[in-house]
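A quick note: this is a predicted structure, and the numbers were derived from the prediction, not measured. Only heavy atoms go into these numbers, but all of them, side chains included; no hydrogens, no water, no symmetry mates. We're numbering straight along the sequence, starting at 1.
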Amino acid sequence: MNKRKKLLALIPALWASLFDTIITIKGQSEEYWNGNLNMANEGNPIGNFMMKNHVSGIFFICGIWLILIGILGYYIPKKYSRIFLLFVLIAHSFGASTWLSMNYGFWTAIIFILFNSILFYKIEDLINKEK
């Protein structure tokens, strides 16, 4: 896979991860941002641990995760990269959908997942056209 295809393949996973991060940050209570770290609201045990130890923990762990997605998605062999990137897309679509359905209703989560599915297949089409 050439450099352009590898970079294109990263887009859906990075997008879903970034969206999940933003909606998680937005979903934190004012009490949390005012320093009551016990009010951290995060389902991922690693993210929850980081958030309960420092108010910037969410930014740190998400920044590291986005970099790791990029590195692994780009450098591991194509077969494993595609599995990893699809896993990340699905996992973060799920994570963000919990925030969406809880705060904005069921259909926003469904539309988000539909959008991510379409994005994934559009990117796949672009990658597969370039042979």
### Message
Would Leu86 and Ile83 count as a side chain to side chain contact (heavy atoms under 4.5 Å, CB included) here? Give the steps.
### Response
CA-CA 5 Å; Leu86 181 58; Ile83 292 167; 6.0 Å; no

#### Entry: side chain to side chain contact (heavy atoms under 4.5 Å, CB included) assessment of Arg4 paired with Leu8
CA-CA 6 Å; Arg4 184 182 183 312; Leu8 279 172; 2.7 Å; yes

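With Asp20 contributing its side chain and Ala16 its backbone, the two residues share no donor-acceptor pair below 3.5 Å. Ser29 places a side-chain N or O within donor-acceptor distance of the main-chain N or O of Tyr32, the cut-off being under 3.5 Å.
Listed here is the closest heavy atom pair of Ile113 and Ser97: CD1-CB, 4.1 Å. Of all heavy-atom pairs between Cys62 and Thr21, the closest is SG-OG1, 3.4 Å.
The side chain to side chain contact (heavy atoms under 4.5 Å, CB included) check on Lys26 picks up Tyr104, with sequence neighbours excluded. Partners of Phe112 under the ring pair (Phe, Tyr, Trp, His ring centres under 6.0 Å) rule, at least two apart in sequence or in another chain, are Phe19.
At a threshold of 4.5 Å between non-hydrogen side-chain atoms, the residues Met51 and Phe60 do not count as touching.
If you chain together hydrophobic residues whose side chains sit under 4.5 Å apart, Val88 and Leu14 fall into the same group.
Rounded to the nearest 0.5 Å, atoms CH2 (Trp15) and CG (Asn116) are 7.0 Å apart. In this structure, CD1 in Ile123 is found 11.5 Å from CG in Leu85, a value given to the nearest 0.5 Å. Remark: Ile71 CD1 to Leu66 CG distance equals 11.0 Å, nearest 0.5 Å.
The side chain to side chain contact (heavy atoms under 4.5 Å, CB included) test with Ser81 is passed by exactly one of Leu10, Leu72, Ile76: Ile76.
Around atom CH2 of Trp33, more than 12 heavy atoms belonging to other residues, nucleotides or ligands sit under 6.0 Å away. The environment of CD1 in Ile46 is sparse: at most 12 heavy-atom neighbours from other residues, nucleotides or ligands sit within 6.0 Å.
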